[in-house]
Amino acid sequence: MATSMKNFTIILASLFSLIFGAVGGGLTSFLILSQFEPEPAETVINFENGSYKSVWEAASPAVVSVVAFKDVKGELVEMSSGTGFIITPDGFLVTNKHVVADDGATYIVILEDGTQLDAEVLDRDSLNDIALVQITGEDERLGSLPALDFADSDQISVGDPVVAIGNALGEYSNTTTVGIISATGREIIASSGFGSSENLVNLIQTDAAINPGNSGGPLLNMNAEVVGMNTAIDTTASGIGFAIPANDIATVVKSYQEFGRIVRPFVGVRYIPVTPAVQERFQIEAESGMLIIGDLKAGAPGVVEDSPADDAGLKEKDVILEVEGKALTTTYSLANAIAGYLVGETITLKVWRDGEILSIQVKLEESAQ
């Protein structure tokens, strides 16, 4: 894990009802002060492919609030809230896993016009903060609901303008903020604030304001396409938020649509990142990548028997340097790389073995996890 990764300042950007009392006073003070400020003139920022206003007009109808309720002593009580966005007209939507983490909760989705509809959690991703939800309540608009499209998040660049929409503080639905992409490929440990945490990698960093309750909302380009899903904020800083890239979400959606559940592929190797200490210990020339190495004490081999790696001819002490031309590092592991592929697809690995560089193809199979 990279030494620069922070593990104490990141909080998942959903909103739990337990914190309403803590933020209420500060929020009221801000609103009182704002009454004495002159009302600003309307400003519309225009870009080649649209304006902030046009992005909001196009995307906002597809952004929903996702609210969890539980029966507490015979009374249905709101426990948490977040955001989601519809991706098919029949009410199939995406949100963060931590927004719908409670198996015992009842979930409703609130549309832009305030309509409340029952919803069912279809699946939760085992490796990322992604969940898939289906609106199940009856509404004559099901089948023709507004839906958002995914952009190719591999094509985004630092400095690109973006728009974030979300259910800010669980109270201000479809709050819209703007900013730029500040960085890509970030890795964080995100905490819910209630004792649970999750390691998230390959994230987009943005300075568009992301508030509690924004979790699961879209981060959009100027074509009103989803480039990411807002998921976490750095609570010790201003203007540092994180989003899961659209391509990672699209892969999960495609998996569910193909298999009826989220299916994750695997290669079948145990490995450690190559560092200077690992280089010296195992006497290898490769300066980066993933060293295939088993656990002798546990009797666990580096290459799992009858796995895709075994079938492809990978060996103990091979170093996997790249997956499909993308280098593996201490912050971008083999697991991160193959998460973007589907079961049944074949990937090409660049491998160092005893001073030689090999190209090895591996056909991915379903993970047993």
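Position 1 is the first residue of the sequence, and the numbers go up from there.
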Check whether any side-chain N or O of T177 sits under 3.5 Å from a backbone N or O of A209 as a donor-acceptor pair, and report yes or no.
-> yes

Those residues that, when tested against R261, pass side-chain hydrogen bond (donor to acceptor under 3.5 Å, both in side chains) (two or more places apart) = E366

Backbone N/O of E57 and side chain of S60: donor-acceptor pair under 3.5 Å | no

Does the D102 side chain pair with the main chain of G104, one donor and one acceptor, at a distance under 3.5 Å?
-> yes

Identify the two heavy atoms, one from V227 and one from A151, that lie closest to each other, and give their separation to 0.1 Å.
-> CG1-CB, 3.9 Å

Test side chain to side chain contact (heavy atoms under 4.5 Å, CB included) applied to A337 - qualifying residues, sequence neighbours left out = V323, L328, Y332

Hey, what do you get for CD (E324) to CD1 (I338), rounding to the nearest 0.5 Å?
-> 12.5 Å

Side chain to side chain contact (heavy atoms under 4.5 Å, CB included) with K254: which residues, sequence neighbours excluded?
-> L342

Hey, what else clusters with F259 if you join Ile, Leu, Val, Met, Phe, Trp, Tyr whenever side-chain heavy atoms sit under 4.5 Å?
-> V263, V343

Of all heavy-atom pairs between D71 and K73, which one has the smallest distance, and what is that distance?
-> OD1-N, 3.8 Å

Please list, chain by chain and in numerical order, all residues satisfying side chain to side chain contact (heavy atoms under 4.5 Å, CB included) with D295, sequence neighbours excluded.
-> K297, A298, A300

Of D123, D248, D125, the residue whose pairing with R264 passes salt bridge (charged side-chain N to carboxylate O under 4.0 Å, His left out) = D125

Are any side-chain N or O atoms of Q205 and backbone N or O atoms of A243, one a donor and one an acceptor, separated by less than 3.5 Å?
-> no

Can you label the angle between the F150 ring and the F85 ring as parallel, tilted or perpendicular, going by 30° and 60°?
-> perpendicular

Evaluate the side-chain proximity of E225 to L220: yes if any heavy-atom separation is below 4.5 Å, no if none is.
-> no

Is it true that a side-chain atom of E316 and a backbone atom of G302 form a donor plus acceptor pair closer than 3.5 Å?
-> yes

For R270, enumerate each residue passing the side-chain hydrogen bond (donor to acceptor under 3.5 Å, both in side chains) test, keeping only those at least two apart in sequence or located in another chain.
-> none

With N247 via side-chain hydrogen bond (donor to acceptor under 3.5 Å, both in side chains) - residues at least two apart | D152, S153, D154

Answer yes or no: is there a donor N or O on one side and an acceptor on the other, between the side chain of T95 and the main chain of T83, under 3.5 Å?
-> yes

Checking side chain to side chain contact (heavy atoms under 4.5 Å, CB included) for the pair Y341/T251: CA distance, chi angles, key distance, verdict?
-> CA-CA 7 Å; Y341 296 91; T251 299; over 6 Å; no

Could you pull out all residues at least two apart from D160 that satisfy salt bridge (Lys or Arg N to Asp or Glu O under 4.0 Å)?
-> none

Distance col, row I87:CD1 vs L93:CG, nearest 0.5 angstrom, shows 8.0 Å

Who pairs with T275 by side-chain hydrogen bond (donor to acceptor under 3.5 Å, both in side chains), at least two apart in sequence or on another chain?
-> none

What side-chain donor-acceptor pairs closer than 3.5 Å can you find for residues 304-315, not counting sequence neighbours?
{"from": "S307", "atom 1": "OG", "to": "G268", "atom 2": "O", "distance (Å)": "3.4"}
{"from": "S307", "atom 1": "OG", "to": "V304", "atom 2": "O", "distance (Å)": "2.6"}
{"from": "S307", "atom 1": "OG", "to": "A309", "atom 2": "N", "distance (Å)": "3.4"}
{"from": "S307", "atom 1": "OG", "to": "D310", "atom 2": "N", "distance (Å)": "3.2"}
{"from": "D310", "atom 1": "OD2", "to": "D306", "atom 2": "N", "distance (Å)": "2.8"}

Non-hydrogen atoms of V63 and P218 that approach each other most closely = CG2-CG, 3.7 Å

Going by the side-chain contact (heavy atoms from CB on, under 4.5 Å) test, name the single residue among D129, V99, N128, I204 that passes it with T231.
-> D129

Just by distance, do the side chain of N96 and the backbone of G216 share a donor-acceptor pair under 3.5 Å?
-> yes

N167 side chain vs G213 backbone, donor-acceptor pair below 3.5 Å = no

Point-to-point distance, once rounded to the nearest 0.5 Å, from CD1 of I210 to CG of N230 = 4.0 Å

T206 (side chain) donor-acceptor with I180 (main chain) under 3.5 angstrom = yes

The reported gap from CD1 in I108 to CG in D118 (rounded to nearest 0.5 angstrom) is 8.0 Å

Please write out which residues are connected to I272 in a hydrophobic cluster, directly or through intermediates, given that two of Ile, Leu, Val, Met, Phe, Trp, Tyr count as joined at side-chain heavy-atom separations below 4.5 angstrom.
-> V274, V278, F282, I284, L291, I293, V319, L321, W352, I357

Please, which pairs that meet salt bridge (Lys or Arg N to Asp or Glu O under 4.0 Å) have at least one residue in residues 344-354, sequence neighbours excluded?
-> D318-R353, E322-K350

